[in-house]
Amino acid sequence: MSKREFQTEVSQLLQLIIHSLYSHPEIFLRELVSNSSDALDKLRHLTLTEDAYKALPFEPRIDLELDEEKQTLTIADTGIGMNEEDLVSNLGTIARSGTKTFLAQLSGDEKRDSNLIGQFGVGFYSVFMVASSVEVTSRKAGEEKAWRWTSDGSTGFEIEPAERAVAGTTVLIHFNEEGKQYANGWRLQEVVKKYSNHIAFPIFLTYDKSEWNEAEKKSIKTRVTEQVNAASALWRRPKSELTDEDYKELYKSISGDWEDPLFWFHTKAEGSLEYTTLFYIPSKAPLDLYQAEYKVGIKLYVKRVFIMDDAKELLPQYLRFVRGIIDSEDLPLNVSREILQQNRVLTSIRTASVKKILSELKNVAANEPEKYLKFIAEFNRPLKEGLYGDFANRETLLDLVRFKSTKVEGLTSLADVKSRMKEGQKSIYYITGGAESLLRTSPLLEIYKKKEIEVLILDDDIDEIVFSGVDKYGEIDLKAVNKAATGEDLKDEAEKDQTEALKPLLEKLKATLGDRVKDVRASVRLADSPSCIVSDEEEPSMQMQQMLRAMGQENVPAPKPTLEINPDHEIVKKLLVRHDDAVSEDAAWLLLDQALLMEGVPLQDPATFVQRLNRMMNLSI
Ligand code: ADP
């Protein structure tokens with residue numbers, strides 16, 4: 001027998017599980033049953049597609065056997081099984097990216113962390129919440145030898161040769177104090193029904209059943225084996241037969257989420273292609289939503305046979321938070337990942353599924369606005385990613401995304417913004433590039449405030465990238481207020497153009513500021529501030545340039561800002577008539593620096609800025 005050590009991460013996780021995370025110990029059973037179900041799925045798939053496996057016997061089932069006296073439970077399956085190597089790498093290391101993410105999210109606050117384990121599930125290791133020791137005996141399909149893996153969940157594990165009549169895996173649990181509550185047939189049935197009722201394979205429970213015996217006037221225990229779960233592919237049953245509870249339970253068993261889903265869409269398509277889809281929207285964004293290695297939430301079935309659950313092709317990336325099932329009648333069972341990528345059937349299913357999900361979301365938005373806001377609180381951002389990538393559905397996505405705005409509290413839709421447009425207003429305006437508070441106080445908004453035109457506050461860091469590519473909502477132009485070209489809606493202001501009158505001052509400013517600015521112009525967009533900076537239509541804004549640099553892009557072109565000054569402002573009027581001197585030079589620089597500051601752009605030379613400011617203060621005090 002060889003003693004081996006756990007990978008460091010496993011030890012860490014086990015310490016946590018054993019010492020602090022006891023809030024939902026019953027999930028151990030959900031995790032083990034779902035492992036068995038996955039193992040059965042895998043073997044069934046092989047027996048249907050691979051010649052070498054076709055002749056193997058396959059009687060899929062999961063057996064739970066309770067020994068109340070010994071305080072043990074076994075969970076046995078006739079699935080794919082594991083050989084020595086598999087046991088070491090699957091149960092001795094953390095292979096799953098999800099579990100790594102889990103570890104990374106731990107806060108050290110026990111209560112929060114134990115909720116996290118509930119939402120997350122940490123797979124096999126959760127068994128150590130209820131076990132003092134565990135034996136896993138397994139034989140891999142197609143192999144003769146069996147192996148036994150034993151561990152008390154503290155330092156390491158042992159592996160030795162063993163016997164097993166058929167391929168599959170048996171997990172033997174010796175219950176600890178915490179686990180004793182599960183050494184009870186009734187309790188086990190309850191937990192299986194709760195989490196695993198719709199696992200597609202039969203789950204049997206063997207236990208001592210107490211029944212009242214009328215003749216002897218006492219309850220008598222008999223050893224029985226009963227099927228505990230419904231074992232139906234729930235998604236293939238008509239909606240009318242299914243209750244909300246059925247849907248929620250299936251969701252929890254496929255997603256590993258602890259909370260109920262926010263809503264779900266169940267569709268059966270008939271016609272040239274036949275398939276069933278059941279999509280769920282989680283109530284909380286998955287923890288790995290913004291990680292490159294996110295876990296795919298969609299399981300692909302062909303004629304009720306599980307095919308794979310890690311295919312990123314099934315839905316576009318921006319819908320990676322959706323959980324659920326696609327079950328097709330038309331795909332071949334042996335469909336491989338390479339084939340999936342250009343498979344016509346799958347492409348049609350995918351296109352229709354995206355349309356379905358988006359149109360259902362639209363229904364929710366229209367009919368259950370409060371629920372929709374909960375959805376938006378979690379998933380507004382992925383929808384925006386969709387605006388960037390999913391051209392075909394852009395119009396729908398524009399209706400689904402929500403925005404902050406200068407006109408309303410909370411969030412608003414473009415449709416509502418449109419309905420609030422002023423008579424004759426041609427475009428919808430937005431401001432990007434910075435935190436909400438910065439954007440709301442930007443001098444660029446002054447003219448819109450004055451004219452009572454609504455402006456959307458796009459303060460998400462992806463907004464500028466996304467919306468620079470979206471120039472229309474229906475027939476209406478979408479325009480950024482920090483771009484130099486002003487919209488038609490400011491035309492009357494533009495007519496008041498005072499460039500001629502300001503010309504001498506503009507020239508002076510240009511001469512003073514030199515190559516720090518691209519141009520100096522008379523502004524038509526300012527009301528209260530003396531100056532502001534704007535970017536050219538095709539150029540990234542100043543904040544965007546900063547962001548690109550912060551992200552490590554070194555050769556971001558550094559286009560210079562254009563300074564605009566407010567002809568109606570006292571300072572500007574005074575400067576216009578003032579002769580050149582040190583004061584007007586300081587003023588020129590301060591006009592530029594304050595405009596940069598208001599846009600959240602850090603000053604190149606704060607010391608000089610402060611000196612200038614002090615000189616000015618000195619004059620006025
Ligand atoms: P997950 O199931 O989420 O991948 P687990 O920690 O539960 O994570 O299991 C780790 C791996 O061990 C599984 O991916 C699977 O390869 C293997 N495994 C676990 N239980 C079984 C089983 N009953 N039969 C075959 N393989 C199993």
Side-chain angles (χ1 to χ4, degrees), residues 6-7 9-14 16-17 27-47 53 56 58 60-65 73-103 117 119-131 134-143 146-151 153 157 159 162 164 166-173 195-196 199-201 203 252-257 286-288 293-297 299 306 308-310 323:
F6 284 123
Q7 181 195 29
E9 275 128 330
V10 176
S11 303
Q12 263 179 344
L13 184 61
L14 285 167
L16 275 162
I17 287 171
I27 61 161
F28 86 93
L29 197 55
R30 174 188 80 186
E31 300 293 325
L32 294 183
V33 167
S34 106
N35 280 348
S36 286
S37 163
D38 291 347
L40 289 162
D41 273 333
K42 282 180 198 155
L43 184 55
R44 173 154 72 178
H45 188 221
L46 288 176
T47 57
Y53 291 86
L56 294 180
F58 182 53
R61 57 185 285 156
I62 299 170
D63 277 283
L64 311 185
E65 205 171 329
L73 174 70
T74 58
I75 294 123
D77 63 64
T78 51
I80 182 98
M82 289 174 276
N83 59 21
E84 185 182 16
E85 226 183 305
D86 296 336
L87 282 167
V88 174
S89 61
N90 293 337
L91 306 186
T93 60
I94 292 186
R96 252 193 345 167
S97 61
T99 310
K100 285 206 182 104
T101 317
F102 168 82
L103 281 169
I117 203 179
Q119 281 168 34
F120 223 91
V122 286
F124 174 78
Y125 302 110
S126 60
V127 73
F128 288 104
M129 288 193 281
V130 297
V134 177
E135 272 174 49
V136 180
T137 309
S138 196
R139 175 170 156 192
K140 192 164 183 162
E143 296 182 14
W147 299 90
R148 181 173 301 116
W149 175 102
T150 318
S151 175
F157 56 90
I159 289 194
R164 203 178 189 282
V166 292
T169 301
T170 306
V171 178
L172 168 64
I173 302 169
Y195 296 108
S196 316
I199 291 282
F201 306 100
I203 304 173
K252 288 178 185 169
S253 75
I254 62 171
S255 68
D257 192 351
L287 293 168
D288 59 0
E293 275 311 305
Y294 65 88
K295 192 166 181 193
V296 176
K299 291 181 191 285
F306 169 81
M308 60 181 91
D309 59 3
D310 57 352
R323 303 289 180 250

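Since the model is a prediction, treat every value here as computed from it, not as a measurement. Read the numbers this way: they start at 1 and go in the same order the structure lists the ligands and their atoms.
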*asked:* Please classify the Thr169 to ligand 1 contact at 4.0 Å (heavy-atom distances, strictly less than): side chain, backbone, both or neither.
replied: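 The part of Thr169 near ligand 1 is the side chain, not the backbone.
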
*Residue part near ligand 1, for Asp77, under 4.0 Å between non-hydrogen atoms*: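 Asp77 to ligand 1: side-chain contact only, backbone stays beyond 4.0 Å.
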
To the nearest 0.5 Å, tell me how far [X] [atom1] sits from [Y] [atom2].
X      : Y      : atom1 : atom2 : value
Ser89  : Met82  : OG    : CE    : 9.5 Å
Ile173 : Ile75  : CD1   : CD1   : 4.0 Å
Leu87  : Ser151 : CG    : OG    : 12.0 Å

*Does Met82 reach ligand 1, in the sense of a heavy atom lying below 4.0 Å from it?*
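Yes, that is the case, since the closest heavy atom of the residue is under 4.0 Å from the ligand.
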
*From the options Asn35, Ile80, Leu91, Leu40, select the one whose nearest heavy atom is closest to atom 20 (N) of ligand 1.*
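Comparing heavy atoms across Asn35, Ile80, Leu91, Leu40, the nearest one to atom 20 (N) of ligand 1 lies in Asn35.
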
*Is Phe124 close to ligand 1, meaning an N/O of one under 3.5 Å from an N/O of the other?*
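In this structure, Phe124 places an N or O atom under 3.5 Å from an N or O of ligand 1.
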
*Heteroatom proximity flag, Asn90 to ligand 1, N/O under 3.5 Å*: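 Yes; the residue has a nitrogen or oxygen that sits under 3.5 Å from a nitrogen or oxygen of the ligand.
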
*Hey, does Leu40 have a side-chain heavy atom less than 4.5 Å from the side chain of Phe58?*
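SC-SC contact between Phe58 and Leu40 confirmed.
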
*Where does the angle between the aromatic ring planes of Trp149 and Phe157 fall among parallel (under 30°), tilted (30 to 60°) and perpendicular (over 60°)?*
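Parallel: the ring planes of Trp149 and Phe157 meet at under 30°.
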
